[in-house]
2 protein chains.
Amino acid sequence: MRQSRSDSKTHALDDLAAALNAAGYRVTKPRLAVIEVVLRAGRALSIEEILTRARRLHPQVGLATVYRCIDMLDRIGCSQHVWINGKGYVSACRDERLHYHLVCRRCHTVTEVDVAVCTDALQQSMAEAGFYAQQGAIEVLGTCQACRSRIEERVG
Amino acid sequence: MRQSRSDSKTHALDDLAAALNAAGYRVTKPRLAVIEVVLRAGRALSIEEILTRARRLHPQVGLATVYRCIDMLDRIGCSQHVWINGKGYVSACRDERLHYHLVCRRCHTVTEVDVAVCTDALQQSMAEAGFYAQQGAIEVLGTCQACRSRIEERVG
DNA sequence: ATGAATGCAAAGACTTTGCACTACT
DNA sequence: AGTAGTGCAAAGTCTTTGCATTCAT
């Protein structure tokens with residue numbers, strides 16, 4: 001039997017808790033709640049979405065803690081910020097190599113593009129320019145398949 | 001003799017004014033001032049930087065007008081937004097094909113990467129995913145050559 | 001025990017909006 | 001002349017910060 005999706009996510013969560021500890025951060029309930037929410041989402045979440053979901057796991061989480069926790073995840077390199085219409089969204093970032101996130105403007109779903117496909121040539125261009133990328137993922141904004149179908153349904 | 005850099009930019013400005021007109025927008029002094037500033041910058045500017053510079057060309061430009069003008073440029077597809085540390089910056093976007101902007105986190109210089117190099121493979125991946133990109137340029141944040149040298153000088 | 005992390009609320013930063021006035025077309 | 005565009009200031013939204021308290025180590 002294959003391991004279930006939920007098990008693997010729980011596993012990633014444990015790993016992250018260990019990583020926190022190793023990086024000198026304390027492992028607290030609010031932090032675990034926020035991290036779990038971000039990891040399980042499969043799409044970019046706004047801060048209030050994270051807050052709402054995190055409160056289901058640990059009801060007294062505060063807004064400031066969410067911001068502070070996201071900052072921490074950024075520093076560790078486990079999360080990515082996207083700005084969609086002037087508002088910040090956060091998505092998990094699991095692959096350590098530079099890769100692409102295709103982010104849907106409508107539903108905020110994040111599709112991770114297979115790394116090997118495009119990044120090599122880009123890396124080379126950056127090397128030539130002497131540019132050092134400081135992002136875990138490169139965000140491309142657009143519309144996903146599902147949302148496009150939905151739009152066509154309504155129009156057609 | 002070769003055409004000077006300034007001439008070519010002025011030319012681009014005229015073209016844009018014509019484009020505005022064609023798109024049904026009025027060509028006003030504040031707009032021209034903002035557009036000229038963004039086009040000439042060669043790097044991403046914050047709104048207040050745009051305001052300050054635009055006022056040198058047309059002193060009574062207001063803050064709201066800058067925001068509204070940038071919105072307009074976005075709609076026409078001539079400008080790009082980047083968020084650096086939670087603050088919005090705007091850069092000009094001249095190539096109509098999807099391409100890369102290497103944006104330096106420190107000096108906000110924008111290096112345009114030769115389109116043909118990487119985009120084909122990415123386009124194909126997006127097509128496979130049914131994803132439709134709605135950006136003129138893909139922004140990659142990092143540190144440029146010049147800023148890295150500057151840092152090394154200070155540290156070494 | 002001790003200081004990092006938290007929650008709350010207040011302060012701050014950035015952006016948008018309403019409205020009377022200006023100036024393109 | 002008519003209306004899109006403007007400037008100002010007020011309102012709105014998102015984010016950060018100060019401080020007393022809690023909790024992980």
Side-chain angles (χ1 to χ4, degrees), chain A residues 14 16-38 44-76 79-90 108, chain B residues 14 16-38 44-76 79-90 108:
Chain A
D14 289 346
L16 206 53
L20 278 194
N21 226 326
Y25 293 105
R26 291 188 178 173
V27 179
T28 67
K29 279 166 199 158
R31 268 179 188 168
L32 287 177
V34 169
I35 293 172
E36 181 161 355
V37 163
V38 173
L45 299 174
S46 70
I47 295 292
E48 51 195 285
E49 286 173 324
I50 295 173
L51 181 63
T52 305
R53 294 179 182 204
R55 280 187 164 155
R56 285 184 210 139
L57 302 171
H58 186 68
Q60 61 271 48
V61 179
L63 182 61
T65 296
V66 175
Y67 279 105
R68 287 187 278 231
C69 190
I70 299 302
D71 273 7
M72 184 199 63
L73 287 176
D74 279 353
R75 281 196 297 272
I76 304 180
S79 68
Q80 275 277 140
H81 279 241
V82 213
W83 268 265
I84 305 173
N85 302 328
K87 205 178 160 184
Y89 292 81
V90 178
H108 308 155
Chain B
D14 289 347
L16 206 53
L20 278 195
N21 226 328
Y25 293 105
R26 289 185 181 176
V27 178
T28 67
K29 280 167 198 158
R31 269 179 189 169
L32 287 177
V34 169
I35 293 172
E36 181 161 355
V37 163
V38 173
L45 299 174
S46 70
I47 295 292
E48 51 194 286
E49 285 173 324
I50 295 173
L51 181 63
T52 305
R53 294 179 183 206
R55 280 186 165 156
R56 286 184 209 140
L57 301 170
H58 186 66
Q60 61 271 49
V61 178
L63 183 61
T65 296
V66 175
Y67 279 105
R68 286 187 278 232
C69 191
I70 298 303
D71 273 6
M72 184 199 64
L73 287 176
D74 279 352
R75 282 195 297 274
I76 304 180
S79 67
Q80 275 277 139
H81 278 242
V82 213
W83 267 265
I84 305 173
N85 302 328
K87 205 178 161 185
Y89 292 81
V90 179
H108 307 156

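Note that these values count all heavy atoms, side chains included, but never hydrogens, waters or copies made by symmetry. The chains referred to below are lettered A, B, ... by the order of the sequence lines, with proteins before strands, and numbering in each begins at 1.
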Task: All salt bridge (charged side-chain N to carboxylate O under 4.0 Å, His left out) counterparts of A:Lys87, not counting sequence neighbours - done: A:Glu48
Task: Side chain proximity check, B:Val38 to B:Ile70, heavy atoms < 4.5 angstrom - done: yes
Open item on the list: So which atom in A:Ala33 and which in A:Ala54 form the shortest heavy-atom distance, rounded to 0.1 Å?
Closed with: CB-O, 3.9 Å
TODO: Quickly work out the B:Leu51 CG to D:dA9 C1' distance and round it to whole Å.
DONE: 15 Å
- [ ] Could you tell me which residues satisfy side chain to side chain contact (heavy atoms under 4.5 Å, CB included) with A:Glu36, sequence neighbours excluded, listed by chain and number?
- [x] A:Leu13, A:Arg40, A:Leu57
Open item on the list: With rounding to the nearest 0.5 angstrom, report the CD1 to CD distance, B:Ile47 to B:Glu49.
Closed with: 10.0 Å
Task: Which atom of A:Tyr89 lies closest to which atom of A:Ser46, heavy atoms considered - done: CD2-N, 3.3 Å
Task: Length of the line joining B:Leu20:CG and D:dA4:P, which is rounded to integer Å - done: 16 Å
TODO: Give every residue pair that meets the side chain to side chain donor-acceptor pair (under 3.5 Å) criterion with at least one member in residues 21-31 of chain B, sequence neighbours excluded.
DONE: B:Tyr25-B:Arg75
Open item on the list: Please report the end-to-end axis angle for the helix from C:dA1-D:dT25 to C:dT25-D:dA1, five pairs per end, rounded to 10 degrees.
Closed with: 40°
Open item on the list: Between C1' on C:dA5 and CD1 on A:Ile70, what's the gap in Å once rounded to a whole number?
Closed with: 15 Å
Task: Option from A:Val37, A:Leu51, A:Thr52 for which side-chain contact (heavy atoms from CB on, under 4.5 Å) with A:Val61 holds - done: A:Leu51
Open item on the list: Would A:Ile35 and A:Leu20 count as a side-chain contact (heavy atoms from CB on, under 4.5 Å) here? Give the steps.
Closed with: CA-CA 11 Å; A:Ile35 293 172; A:Leu20 278 194; 3.9 Å; yes
Task: Proximity to DNA chain C (any heavy atom under 4.0 Å), residues of residues 22-34 of chain B only - done: B:Arg26, B:Val27
Open item on the list: At under 4.0 Å between heavy atoms, how does the protein contact nucleotides 12-17 of chain C? Give one character per nucleotide, 5' to 3', with B, S or -.
Closed with: --SBBB
Open item on the list: Run the side chain to side chain contact (heavy atoms under 4.5 Å, CB included) test against A:Ala17 and tell me which residues pass, sequence neighbours left out.
Closed with: A:Val27, A:Leu32
- [ ] Would you mind reading off the distance between B:Asn21 atom CG and C:dC24 atom P, rounded to a whole angstrom?
- [x] 13 Å
Open item on the list: Applying side chain to side chain donor-acceptor pair (under 3.5 Å) as the test, list every pair that has at least one member in residues 58-71 of chain B; sequence neighbours left out.
Closed with: none
- [ ] Grab the NE2-P distance between B:His58 and D:dT6 for me, whole Å please.
- [x] 9 Å
